[in-house]
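We count residues from 1, following the sequence as given. Scope of the values below: all heavy atoms of this structure, side chains included, with no hydrogens, waters or symmetry mates.
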Amino acid sequence: MEKHIYIITIFFIIGLSSCKKNNQKDDAIKIVTEWTGKEIQFPQGIVCTSMGRDTSCIDLHNDNYKIMLYVDSLGCTSCRLKLAEWKKIIDDSDSVFNQKPEFVFFFQPKKKDEKELQFIFKQNGFRHPVFIDKENKIDKLNSFPSKTEYQCFLLDKDNKVLIVGNPSYNPGIWTLYKKVITEREAKL
């Protein structure tokens with residue numbers, strides 16, 4: 001099954017990048033190959049917040065599927081977050097799955113941008129709990145790809161990567177996430 005998912009993901013990325021340079025295709029294949037099956041390590045002691053207030057967060061080691069997004073401090077944070085898209089994805093997951101996957105958001109803001117990040121959450125009405133990783137502990141543990149589109153992962157129940165790709169950037173990735181989770185749920 002893992003090989004099947006890997007092959008589908010490779011073809012999907014190649015199809016999406018057919019108009020792009022060969023180096024980008026090669027980079028995509030390399031990243032997907034490297035990350036598929038890799039276990040994501042979660043750091044301890046990260047602040048969890050919702051709308052700027054401390055809150056209880058999900059257990060990162062539970063038995064649910066997880067959709068994990070990492071956003072580093074590089075570039076335009078508000079441009080990269082796509083919170084409206086994430087709200088749609090989270091809402092869609094309520095109606096699609098028997099057991100809704102956990103959505104795990106890790107943000108590594110620049111010190112001066114932490115208040116801006118909280119403002120962006122409030123402005124967009126994004127109430128989902130998020131981890132604010134001021135020291136970038138999660139990236140230090142995992143060394144995520146530098147390209148934003150590859151800093152989102154579908155994780156299995158053991159926190160191993162099934163799919164690499166950001167569904168808020170590409171609805172086709174969300175379709176692939178749903179297909180994989182639904183097929184795996186059907187086998188249980």
* Report the residues that fulfil salt bridge (Lys or Arg N to Asp or Glu O under 4.0 Å) with E39, sequence neighbours left out, ordered by chain and then residue number. => none

* Structure fact -> Residues at least two apart in sequence or cross-chain that pass side chain to side chain donor-acceptor pair (under 3.5 Å) with D94, listed by chain then number, are K100

* To do: State which residues pass side chain to side chain contact (heavy atoms under 4.5 Å, CB included) with F119; sequence neighbours excluded, sorted by chain then number.
  => Q123

* To do: Under the side chain to side chain contact (heavy atoms under 4.5 Å, CB included) rule, collect the residues that match up with N142, sequence neighbours excluded.
  => W35, I40, Q41, I138, F144

* Are the aromatic rings of F121 and F107 close, with centres under 6.0 Å apart? -> yes

* List the steps, then state whether side chain to side chain contact (heavy atoms under 4.5 Å, CB included) holds for V164 with E34. => CA-CA 10 Å; V164 179; E34 177 184 345; over 6 Å; no

* Structure fact -> Nearest heavy-atom approach of K137 to Q44 is NZ-O, 3.6 Å

* Structure fact -> Sequence neighbours excluded, the answer for salt bridge (Lys or Arg N to Asp or Glu O under 4.0 Å) partners of K134 is E114

* Not counting sequence neighbours, which residues clear salt bridge (Lys or Arg N to Asp or Glu O under 4.0 Å) with K88? List them please. => E85

* Structure fact -> For Q99, the side chain to side chain donor-acceptor pair (under 3.5 Å) test, sequence neighbours excluded, returns N64

* Asked: Considering residues at least two apart in sequence or located in another chain, which fulfil the side chain to side chain contact (heavy atoms under 4.5 Å, CB included) criterion with N124?
  -> L83, I120

* To do: I would like to know whether L81 and L117 meet side chain to side chain contact (heavy atoms under 4.5 Å, CB included); could you show each step before the answer?
  => CA-CA 10 Å; L81 291 181; L117 185 62; 3.8 Å; yes

* Non-hydrogen side-chain atoms of Y65 and D156 separated by less than 4.5 Å -> yes

* Kindly give the heavy-atom pair with the smallest separation between P101 and I67, and that separation in Å. => CG-CD1, 4.1 Å

* Quick one: side chain to side chain donor-acceptor pair (under 3.5 Å) partners of K66, sequence neighbours excluded? -> N62, N159

* Structure fact -> Sorted by chain and residue number, the side chain to side chain contact (heavy atoms under 4.5 Å, CB included) partners of K147 (sequence neighbours excluded) come out as D27, E149, Y150

* To do: Check F153 against Q151 and note the closest heavy-atom contact, atom names and distance.
  => CE1-C, 3.8 Å

* Which class fits the ring pair F106 and F131: parallel under 30°, tilted 30 to 60°, perpendicular over 60°? -> parallel

* **With sequence neighbours excluded, residues passing side chain to side chain donor-acceptor pair (under 3.5 Å) with S168** => W86, N166

